[in-house]
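Here is the structure we will look at, set down as structure tokens.
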Amino acid sequence: MNTTLKHWREAATLILAAGHKLGADSLASRTPLTAAAASPLTGGQGRSHLPHKSCFDYDVLLLKRSSKSGFMPNACVFPGGLVHASDFSSEWLDVFKTFSKSPNFGLRSVTQPGDTRPPLFATDRLKLGSPIPGEVAFRICALRETFEECGVLLFVSKQEEKGLLNSIESRGAPEPEGPLHNKANELCSRDLNKWRDLVNQNPSNFIQMCRELEVLPNIWALHEWGNWLTPEGRYGVKRFDTAFFICCLQEIPPALQDDKEIVSVKWSTPSEVLQNYQAQEFWIAPPQVYEISRMCRLPLLNDLHNFSSRRATEGCEQLLPVLSSKDEHFTALLPGDRWYPSATSGEAASGTSSDPKLEDPQEEESSLHRIVTVDPYTITLQINITPKYNHLLPVLGQTFPYDSKTVKQLPLAEPNVEKTTKRGTIQDTG
């Protein structure tokens, strides 16, 4: 836990996808949309639409925050939250003692060069007084918060430890398998409810729970997905440096809100999430829109799992939006955009800009990577760059002609820019 940070507080979140059966009408459309996964969208080639919800054989979990929440009240979010000091506690060395001789407790090594690694992961935690690597502690945080907020516990039993250790010793890390089978029914629901209350009261009780139930948080099932930082001034004074992980489950697990911080639990396909968001049924923040749109590239659970588990060893890019307000909308520049400030990184930047020079997106050589917000339910993504670290481009909606005089149709007419538009314009999502 890094208490030296000035602008942000460290956090972790979990994108949880869980399988369901495909409808009979979707069997003819099971080809994953991977053609544009590793290349920029140019001209008319690679432009894509959201897959119909029947194409998906999985749902993604969203939790609706309480109206009393101090950060993004009423928003639908992935489970997750602030890192607690106990996530970096040396007591985890005893819980994970079977794996203590393996680097990062047996997690697979990331090939991303250290000088490009997000500080969240690159920081030497030993120098901050913790023997627990950041890659481990942030996964513990994501798993603990998921258990606290919706009761879903992803764990490895004592009986499974030996097999997992053998896999690590023979291959250097656990061999990625298929989507995880949720084993919560192997534990007494009465015990889980008791421990959930205790962990909500004090996060350090998560360590004691693992000891008494003889389980390990399943850090090996969580794959590194991204890193988002809160821009200054957009969501109040609170700002977070958040690690995003993803995990795929074979089936939807029982989940229940805590009726305190979380008031409802929603399982929906990625395309349904975006459709319902545009219909103003609920609100999700731009990072969630961006990441869920990425998931739309892979409507099949096995493809999503295989991609995320393989890609995770590449590392991820730190995404700190730099804001500009102009007229009735906000533009958030992201790394790779032509006008993204080169000095914006880590603690050195405030993450805001009063009025950066934004060129006409029709300019041929413009590198675009930005989010434009007209109102809470109208978000436009302008992207024509290649994602770093082998990641996915978002699958977005139908493109429309450029009209500089129309606020609802923002200046995104460059043919190689995909976009979402005002609710109701994305087609084939029902």
Side-chain angles (χ1 to χ4, degrees), residues 13-27 29-34 49-65 75-80 142-143 145-147 149-154 178-185 218 221-223 225-226 244-258 262-279 281-285 287-309 392 394-397 420 426 428-430:
T13 194
L14 177 58
I15 303 172
L16 198 58
H20 65 244
K21 292 182 179 179
L22 282 167
D25 61 343
S26 67
L27 296 179
S29 57
R30 293 179 58 143
T31 302
L33 303 179
T34 56
H49 301 275
L50 290 175
H52 189 274
K53 65 181 182 181
S54 64
C55 296
F56 290 86
D57 66 352
Y58 67 87
D59 289 340
V60 63
L61 175 62
L62 289 177
L63 309 178
K64 186 175 182 180
R65 289 184 181 275
C76 283
V77 297
F78 302 129
L143 291 166
E145 285 284 343
T146 299
F147 179 57
E149 293 180 337
C150 63
V152 176
L153 179 63
L154 306 180
L180 185 69
H181 172 62
N182 182 53
K183 307 182 296 299
N185 58 356
N218 196 345
L222 271 58
H223 306 298
W225 184 263
F244 278 61
F245 299 100
I246 190 168
C247 177
C248 296
L249 302 177
Q250 291 182 14
E251 62 280 317
I252 294 175
L256 184 65
Q257 66 270 14
D258 59 14
I262 302 301
V263 297
S264 66
V265 173
K266 300 178 182 293
W267 288 97
S268 307
T269 68
S271 63
E272 283 180 300
V273 171
L274 296 177
Q275 179 189 31
N276 292 337
Y277 158 68
Q278 292 178 330
E281 293 187 19
F282 52 75
W283 182 77
I284 54 179
Q288 276 80 5
V289 173
Y290 191 104
E291 299 303 347
I292 290 173
S293 298
R294 272 177 163 169
M295 296 173 70
C296 287
R297 289 277 175 202
L298 300 169
L300 300 184
L301 185 67
N302 279 332
D303 293 331
L304 178 64
H305 170 78
N306 291 335
F307 169 80
S308 60
S309 60
L392 297 168
V395 165
L396 304 166
T420 58
I426 287 184
D428 199 27
T429 58

Would Val289 and Leu274 count as a side-chain contact (heavy atoms from CB on, under 4.5 Å) if you check the C-alpha gap in whole Å, the side-chain angles of each, and the deciding distance to 0.1 Å? CA-CA 7 Å; Val289 173; Leu274 296 177; 4.2 Å; yes
Checking side-chain contact (heavy atoms from CB on, under 4.5 Å) for the pair Asn306/Leu298: CA distance, chi angles, key distance, verdict? CA-CA 10 Å; Asn306 291 335; Leu298 300 169; over 6 Å; no
side-chain contact (heavy atoms from CB on, under 4.5 Å) between Leu392 and Phe307, intermediate numbers included: CA-CA 10 Å; Leu392 297 168; Phe307 169 80; 3.5 Å; yes
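Qualifying ring pair (Phe, Tyr, Trp, His ring centres under 6.0 Å) partners for Tyr290, counting only residues two or more places apart in sequence or in other chains: Trp228, His369. Residues passing the side chain to side chain donor-acceptor pair (under 3.5 Å) test with Thr269, sequence neighbours excluded: Ser271, Glu272. With sequence neighbours excluded, the residues that form a side-chain contact (heavy atoms from CB on, under 4.5 Å) with Ile252 are Ala18, Asp59, Trp267. With sequence neighbours excluded, the residues satisfying side-chain contact (heavy atoms from CB on, under 4.5 Å) with Ala17 are Tyr58, Cys248, Met295, Leu301, Leu304. Residues that satisfy the side-chain contact (heavy atoms from CB on, under 4.5 Å) test with Gln288, not counting sequence neighbours, are Val77, Phe78, Ile284, Ala285. Take Thr146 and apply the side-chain contact (heavy atoms from CB on, under 4.5 Å) test, not counting sequence neighbours, and it matches Leu14, Pro79, Cys150, Val152.
In this structure, the separation between OH on Tyr277 and CH2 on Trp283 is 7.5 Å, given to the nearest 0.5 Å. Atom-to-atom distance recorded for Leu61:CG and Cys247:SG is 11.5 Å, nearest 0.5 angstrom. From Ser268, atom OG reaches atom NE2 of His20 across 10.0 Å, with rounding to the nearest 0.5 Å. Distance CG/Leu143 to CD/Glu145: 10.5 Å, rounded to 0.5 Å.
Taking all atoms of both residues into account, the shortest heavy-atom contact from Ile262 to Arg65 is CD1-CA, 4.4 Å. Scanning all heavy atoms of the two residues, the minimum distance from His305 to Ser308 falls at O-OG, 3.1 Å. Across all their heavy atoms, Pro270 and Ile292 have their closest contact at O-CG2, 3.5 Å. The two residues Arg297 and Pro394 come nearest to each other via the heavy atoms NH2-O, 3.4 Å. Nearest heavy-atom pair, Ile15 versus Phe244, reported as atom, atom and distance to 0.1 Å: CD1-CD2, 4.2 Å.
Taking 4.5 Å as the limit, every side-chain heavy atom of Val263 sits out of range of all side-chain heavy atoms of Gln257. Trp225 has its side chain within reach of Glu291: a pair of non-hydrogen atoms, C-beta onward, lies under 4.5 Å apart. Contact check for Pro299 versus Asp57: no side-chain heavy atoms found under the 4.5 Å cut-off.
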